[in-house]
Amino acid sequence: MSKKRSGGGLSPTQQAAKFLGVSVLAGAVLAGIALPAFGALGLAAKGSVESFDELPANLKTPPLSQRTTILDAKGATIATVYSRDRTVVELKDISPYMQNAIVAIEDSRFYKHGAVDLKGVLRALNKNVQSSGVAEGASTLTQQYVKNVFVEEAGDDPTKVAQATQQTIGRKIKELKYAIQVEEELGKKKILENYLNITFFGQQAYGVEAAAQRYFSTSAKDLTLAQSALLAGIVQSPSRYDPINDEAEATKRRNVVLQRMAEVGDISAAQSRKAQSEKLGLKVSKPRNGCITAVDDAGFFCDYVRNVFLTDPVFGKTKEARAKTWNQGGLTIRTTLDPQAQDSVKKSLKDHVYESDKVAAAATLVEPGTGKIVAMGQSKPYGTNAKQHQTVINYSVGYGMGGSNFGFPTGSTFKPFVAAAALEEGRPADQEYSSPYQMEYPSPVQTCDSKPWVNTRGEKLENESESEKGPYRLRKAMELSVNTYFVQMISDIGLCPVVNMTNKLQVVQGNGDKLPEVPAIALGSKGISPLTMATAYAAFAARGMYCTPVAIESITQKVGQAKKSLEVPKSTCSRAMSEKTADTVNQLLKGVVDSGTGKTAGLSDRDNAGKTGTTDSRKNAWFVGYTPNLSGAVWVGSASQKVEMKKIYIGGEYNELVYGGQVPGPIWKDAMTGALAGKDAPNFNFVDIPEDNPGRGDGDGNGNGNGDGNGDGDNGDDNGNTGGQGDGGTDGGSFPTPTFSIPENLFQGNNGNGGGRG
């Protein structure tokens with residue numbers, strides 16, 4: 001069998017030998033490592049042979065990617081996520097059976113040779129010549145380790161992976177040089193430890209610890225002889241010898257390993273026979289990767305944490321840098337999620353809204369004064385199976401963090417921001433406006449620039465019913481959610497104070513855009529996320545201090561066996577309003593739950609306050625409320641904004657009309673009750689707000705109106721990708737739906753005008 005090319009030139013092996021200036025045996029080394037003894041398959045011709053001395057002196061060993069564990073505030077595991085499922089362990093924590101098995105089957109002379117096993121090379125070369133192909137390789141464990149380092153460094157880039165595994169002399173030369181370096185620097189024990197941690201064992205398991213867990217639900221240090229032999233046998237071909245998919249083939253391979261262990265003296269022949277007679281004894285643990293595995297319905301919170309990591313510059317200056325750190329893993333992320341609060345939110349949502357309902361619900365709880373997100377959940381389960389009513393759209397957050405494109409129109413839950421702005425401008429807590437049943441939008445209204453808003457088309461708005469007419473003072477107007485009152489208030493103070501207030505509270509639309517400067521902003525016409533609303537209302541509870549929301553308490557990263565702490569985003573707190581303003585708003589909203597539209601949501605055992613909101617055609621219903629130590633927002637509606645909540649079953653209960661105090665209110669009440677059980681019950685700072693004159697402005701005498709708003713939100717798909725942009729609406733008790741009509745351009749889209757009540 002000729003070693004010459006058809007054109008008479010030297011074979012790849014001879015070229016390599018000449019190039020390196022070493023003996024014919026060294027040339028055989030290159031051939032025996034992985035290539036045929038002649039140019040069959042043309043493998044050598046595809047790679048470049050660079051100078052041995054020109055290769056970098058040191059092998060760059062990237063940190064091994066490992067699984068990341070996300071914990072709640074108490075230290076319990078929420079979920080595990082990983083690019084590669086791996087847990088690095090020390091050699092002392094790996095069963096001696098496993099150590100011996102991998103050496104016996106992959107490199108039985110491991111402790112006797114250097115970086116290259118010359119006897120093995122000659123043996124492989126002889127077999128390769130006889131078979132005219134690569135019948136046997138001669139890579140030592142050290143060389144295999146180096147190759148795995150190249151693969152690890154390539155990550156998930158298919159081009160780089162191909163380059164790291166291609167059968168070329170050039171790559172083999174590089175592998176050889178680094179193997180020599182590794183032998184000199186690390187020694188046999190450390191090489192074996194690194195090899196067992198880096199190599200792939202199939203079924204998404206990288207490293208022996210993950211493999212032990214996957215196939216036997218045990219740890220690497222507790223592997224038996226038979227178990228160790230099975231895992232060692234898998235390495236050569238994880239797909240062919242996969243015991244889950246082909247038990248017979250895996251058993252044969254295991255027995256080959258056991259026989260080899262007996263041949264090299266690691267075990268006796270009797271031990272080998274006994275182990276070969278055993279069944280595989282698999283106890284498979286399914287891969288648990290990603291937020292789909294989260295406990296307590298915390299999948300959406302888990303996904304939020306991931307998005308925080310991938311978007312916050314504290315974790316890396318670029319998107320690529322942050323993604324690299326996330327994929328490297330080895331992170332232990334302790335979050336702000338309170339298990340008691342999360343469990344309460346989960347139960348409340350399940351009690352009030354079914355997964356199969358036409359509408360969904362989302363709830364988020366935030367701690368005032370710290371910004372800590374303590375609970376986040378929704379009625380649709382986390383996942384990608386639409387038939388099981390799953391979604392990966394997080395209705396609690398904005399688009400940039402995995403939420404819907406626009407958030408959801410908030411209706412009258414926006415009115416407290418208008419009141420706060422007016423109080424900051426010096427308006428008294430008993431400010432009175434005429435508040436007629438119906439009126440044109442006041443015009444002109446001053447904006448933050450020199451161009452005022454002008455009602456050029458004579459657009460009108462009206463209250464819940466004809467009996468709902470003023471004059472009203474602020475307290476009663478808030479309890480009844482009187483539309484004309486708050487539009488008159490905006491006309492009085494101008495739009496700029498309201499915009500300044502919402503900017504301080506970081507209230508933005510779900511797509512991240514700032515709110516438009518239009519009078520109908522008072523009526524909650526724009527889409528906002530529940531997290532944004534809960535965090536803004538938390539500023540009222542914290543007596544005017546706004547704190548940005550945070551989900552991560554601390555992060556440690558394991559790199560090899562070393563651990564280091566990573567910097568995490570901190571909540572930044574700033575004064576959004578005076579203590580007096582916040583205390584006054586608290587008193588106003590306390591009246592809403594005591595005797596107003598939110599009475600059904602009120603808590604009986606502690607000070608609490610809140611606001612209801614229902615929007616256009618009952619496509620959205622809200623309750624946002626708080627105690628001095630916890631704030632929460634609940635949204636109910638259609639993610640696509642296509643479902644009108646009229647004559648509808650939600651959670652098995654029939655609703656003629658849905659409004660903020662009816663479905664979202666009880667969800668909020670139950671979620672808060674469980675979350676606060678056993679917790680302190682501090683009081684608000686009391687502010688004396690004069691009552692309205694007897695008999696004034698009560699409408700039907702009980703302040704419990706119910707009705708409907710006007711205008712249409714933009715439609716979106718069923719996953720909420722474009723839903724949530726629309727108009728304000730109504731709320732209250734039992735009034736009939738009004739039939740008035742408002743011009744389309746007044747309420748739609750970015751025009752920013754809308755009708756909101758309650």
Side-chain angles (χ1 to χ4, degrees), residues 33-34 58-66 84-117 120 137-155 161 164-165 171-172 174-215 219-221 223 227-238 241 253 257 260-261 264 266 330 558-561:
I33 286 172
N58 296 309
L59 173 67
K60 294 182 179 180
T61 55
L64 296 183
S65 58
Q66 301 185 64
R84 292 181 176 176
D85 187 11
R86 176 189 284 120
T87 301
V88 175
V89 292
E90 297 181 16
L91 194 63
K92 66 180 180 63
D93 292 320
I94 301 174
S95 166
Y97 288 130
M98 186 68 220
Q99 297 179 41
N100 291 336
I102 200 71
V103 170
I105 196 62
E106 290 296 321
D107 185 3
S108 61
R109 289 173 40 79
F110 176 62
Y111 293 106
K112 299 177 181 178
H113 60 67
V116 179
D117 181 8
S139 291
T140 63
L141 274 181
T142 306
Q143 289 172 278
Q144 291 182 45
Y145 166 64
V146 170
K147 177 183 176 181
N148 277 316
V149 169
F150 294 154
V151 173
E152 184 74 18
E153 190 173 25
V161 171
T165 56
R171 184 183 67 78
K172 285 300 178 180
K174 183 186 296 186
E175 183 182 289
L176 174 60
K177 177 169 184 175
Y178 289 139
I180 295 171
Q181 172 215 330
V182 167
E183 284 272 353
E184 292 176 349
E185 293 182 356
L186 299 183
K188 296 293 187 179
K189 290 291 186 181
K190 189 63 178 178
I191 291 170
L192 180 58
E193 176 185 299
N194 289 358
Y195 177 85
L196 286 169
N197 278 304
I198 199 173
T199 198
F200 181 52
F201 287 86
Q203 290 290 327
Q204 302 180 35
Y206 288 81
V208 66
E209 179 67 20
Q213 293 289 346
R214 179 75 72 254
Y215 295 108
S219 63
K221 66 180 179 181
L223 288 168
Q227 291 171 342
S228 298
L230 178 72
L231 296 185
I234 290 173
V235 170
Q236 186 183 85
S237 180
Y241 300 126
R253 178 63 177 170
V257 176
R260 184 60 178 161
M261 291 179 74
V264 299
D266 290 329
K558 185 179 180 183
V559 182
Q561 297 301 322

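Please read all numbers here as calculations on a predicted model, not as lab measurements.
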Test side chain to side chain contact (heavy atoms under 4.5 Å, CB included) applied to Val235 and Tyr241, step by step: CA-CA 8 Å; Val235 170; Tyr241 300 126; over 6 Å; no

Contacts of Ser95 that satisfy side-chain hydrogen bond (donor to acceptor under 3.5 Å, both in side chains) - sequence neighbours left out: none

Nearest-0.5 Å distance that lies between atom NZ in Lys188 and atom CG in Leu192: 10.0 Å

Donor-acceptor contact below 3.5 Å, side chain Tyr215 vs main chain Leu230: no

Residues in side chain to side chain contact (heavy atoms under 4.5 Å, CB included) contact with Pro96, at least two apart in sequence or another chain: none

Side chain to side chain contact (heavy atoms under 4.5 Å, CB included) partners for Asn194, two or more places apart: Tyr145, Leu186, Lys190

Distance-minimising heavy-atom pair for Met98 and Leu196: CE-CD2, 4.2 Å

Which atom of Ser228 lies closest to which atom of Tyr97, heavy atoms considered: OG-CB, 3.4 Å

Value rounded to 0.5 Å, distance of CD in Gln181 from CG in Leu176: 12.0 Å

CZ (Phe200) with more than 12 external heavy atoms under 6.0 Å: yes

Non-hydrogen atoms of Val208 and Ala220 that approach each other most closely: CG1-CB, 3.9 Å

Sub-4.5 Å side-chain heavy-atom contact between Arg214 and Asp85: yes

Residues in side chain to side chain contact (heavy atoms under 4.5 Å, CB included) contact with Ala212, at least two apart in sequence or another chain: Thr218, Leu223

Heavy-atom side-chain contact between Lys92 and Glu193 under 4.5 Å: no

Main-chain N/O of Thr140 paired to Gln143 side chain as donor or acceptor, under 3.5 Å: yes

Distance in Å, His113 NE2 paired with Ser108 OG, rounded so as to fall on 0.5 Å steps: 7.5 Å

Spacing of NZ belonging to Lys558 relative to CG belonging to Leu64, to within rounding of 0.5 Å: 10.5 Å

Derivation and outcome, side chain to side chain contact (heavy atoms under 4.5 Å, CB included), residues Glu183 and Ile191: CA-CA 8 Å; Glu183 284 272 353; Ile191 291 170; 4.0 Å; yes

Which atom of Val88 lies closest to which atom of Gln66, heavy atoms considered: N-OE1, 3.0 Å

Exercise: identify the closest heavy-atom pair between Ala232 and Val257: CB-CG1, 4.2 Å

Non-neighbouring partners of Lys189 that pass side-chain hydrogen bond (donor to acceptor under 3.5 Å, both in side chains), sequence neighbours left out: none

Side chains of Tyr195 and Gln144, donor plus acceptor under 3.5 Å: yes

Those residues that, when tested against Ser65, pass side-chain hydrogen bond (donor to acceptor under 3.5 Å, both in side chains) (two or more places apart): Arg86, Glu152

Side chain to side chain contact (heavy atoms under 4.5 Å, CB included) between Gln236 and Glu106, worked out: CA-CA 8 Å; Gln236 186 183 85; Glu106 290 296 321; 4.1 Å; yes

Side chain proximity check, Ile105 to Arg253, heavy atoms < 4.5 angstrom: yes

Ser219: side chain to side chain contact (heavy atoms under 4.5 Å, CB included) partners, not counting sequence neighbours: Glu209, Gln213, Lys221, Asp222

Asp107 side chain vs Leu141 backbone, donor-acceptor pair below 3.5 Å: yes

Set of residues satisfying side-chain hydrogen bond (donor to acceptor under 3.5 Å, both in side chains) with respect to Tyr206, sequence neighbours excluded: none

Distance in Å, Leu231 CG paired with Thr199 OG1, rounded so as to fall on 0.5 Å steps: 11.0 Å

